[in-house]
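Here the structure is laid out as structure tokens; the discussion comes afterwards.
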Amino acid sequence: MKRHDIIIIGAGPAGMMAAIRAGQLKKQVLLIEKNNRLGQKLLISGKGRCNITNIQELDGFISNFSHTGEFLRSAFAKFFNNELMKFLETKGLRLKTERGGRVFPKDDRSDSVLKVLKSYLDENRTMIVYNSPVTDIKVGKNGEFSVELKDKGVFKAAKLILATGGLSYPLTGSTGDGFAFARGLGHRIVDLRPGLVPFETKEHWVRDLQGLSLKNVRIEFSSGKKSIVSAIGEMLFTHFGVSGPLILELSSKVVDWLNETKNPVKLSIDMKPGLSQEQLDRRLIRDFESQGSKIYKNLLAELLPAKLIDVFVKVSGIPPNKKANQLTQEDRRRILRLLKDFSLTITRPRPIEEAIVTRGGVSTKEIDPRTMQSRLVKGLYFCGEIIDVDAVSGGYNLQAAFSTGFLAGESAGKDG
Ligand SMILES: Cc1cc2nc3c(=O)[nH]c(=O)nc-3n(C[C@H](O)[C@H](O)[C@H](O)COP(=O)(O)OP(=O)(O)OC[C@H]3O[C@@H](n4cnc5c(N)ncnc54)[C@H](O)[C@@H]3O)c2cc1C
């Protein structure tokens with residue numbers, strides 16, 4: 001049986017960074033990964049382009065996280081966006097900043113990021129075992145950790161870093177094993193739920209709109225008279241309901257609302273957010289008068305994307321061939337209302353497996369934010385998505401994984 005200074009379970013961005021930092025501090029590290037390669041999720045991140053971080057300053061950066069974001073302040077103070085960019089650039093990776101401060105590798109390839117991480121791991125001669133799911137963890141009377149690998153025996157270390165990620169996209173290896181290990185070691189796991197997730201709708205006609213993307217629309221999720229959240233951006237119809245950047249961005253508040261209240265949620269789409277009701281009404285009157293012989297369906301072509309027209313006509317209940325000069329005041333009011341408040345009924349979020357991030361995880365109250373060490377088990381550290389922190393998209397989640405990984409590796413590498 002081999003002993004190591006530090007065992008790290010999970011070779012995602014958090015685990016790799018922890019291994020690199022502990023290795024730089026001359027610790028003998030064993031990095032254990034259940035897959036046959038490193039960083040599977042990192043490779044698919046940002047649609048294969050890997051949005052590694054965001055150039056936003058610290059307070060603004062933290063405001064993009066759920067309520068536990070403050071927990072990350074010490075980790076960010078130690079290793080933040082500039083440090084991460086320098087760390088990658090030192091090994092020759094060229095970076096670029098896009099809209100919204102999002103940072104990507106210049107060649108738009110996530111494997112270029114992985115290549116840099118690998119080269120740091122090689123430089124430190126990190127020992128990596130692949131194809132090795134950890135099946136059990138025990139703590140001896142002397143505080144030493146025994147880590148059992150499927151078919152590969154038991155490995156021991158004085159320090160253990162859990163970096164097994166969350167529950168989403170399980171094909172990448174993130175199947176939530178770490179939550180069971182943490183629970184077994186006495187930690188509380190905050191309710192696991194999907195973050196950055198699409199929604200299913202009651203209306204089956206969304207299937208006819210599959211693939212249609214609406215840009216610059218205002219959407220609002222509400223329940224009864226209560227507005228849950230609203231913003232302007234781009235959304236997408238899918239075969240089951242709605243997705244796209246704006247829907248994912250606002251999804252966390254809606255998931256929490258559905259979990260806490262079980263009350264039904266309405267999604268309202270304002271197709272013309274730049275125009276007030278009055279302005280839009282004046283435009284409709286003008287169009288109907290000037291194009292009196294045009295049929296209703298064809299009039300809509302100037303107001304809506306082609307793919308939406310048939311569904312819009314059906315929902316409005318107005319005969320598609322009715323001429324503009326025959327449309328009544330009530331017809332016009334109905335069209336106006338649908339353009340400003342095209343509504344769908346949200347039934348549920350898609351399962352956590354389809355979420356971009358996992359919300360919930362090891363409670364931040366039981367981890368020292370200055371070291372990432374467990375407050376319950378000496379020598380146990382956490383980093384990455386296993387912790388109850390999550391953010392909107394924009395490079396924040398990966399930065400959190402890298403920063404907590406760096407801090408966990410440094411603390412485990414330095415502590416007595
Ligand atoms: C489709 C998609 C796109 C994304 N795009 C972005 C983006 O562009 N920018 C951004 O900031 N964030 C993005 N994210 C989120 C980001 O990828 C994750 O937050 C991040 O990968 C978490 O890193 P981690 O190291 O904590 O966990 P993971 O990357 O999940 O790594 C955990 C590792 O642990 C291993 N493991 C698990 N259990 C065991 C076990 N029992 N034994 C051994 N090994 C085990 C897994 O195989 C895995 O390799 C995206 C996520 C998804 C799903």
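Every number for a ligand or one of its atoms is a count from 1 in the order of the listing.
The aromatic rings of F406 and F79 lie parallel to each other, with less than 30° between the two planes, well short of the 60° mark. A perpendicular orientation is assigned to the rings of F80 and F61, their planes being inclined by more than 60° (bins at 30° and 60°).
Protein residues are said to neighbour a ligand when one of their heavy atoms lies under 4.0 Å from it; for ligand 1 these are I9, G10, A11, G12, P13, A14, I32, E33, K34, N35, K41, I44, S45, G46, N51, S132, P133, V134, A163, T164, G165, Y169, T172, G173, S174, D177, F181, I356, G384, E385, G395, Y396, N397, L398, A401.
Not one N or O on the side chain of K91 forms a donor-acceptor pair closer than 3.5 Å with the backbone of K115.
Looking at heavy atoms from C-beta onward, F382 lies out of side-chain contact with D388 at the 4.5 angstrom threshold. Residues H239 and V206 are not in side-chain contact: their nearest non-hydrogen atoms beyond the backbone lie 4.5 Å or more apart.
Remark: D208 pairs with W205, V311, K314 by the side chain to side chain contact (heavy atoms under 4.5 Å, CB included) rule, at least two apart or across chains.
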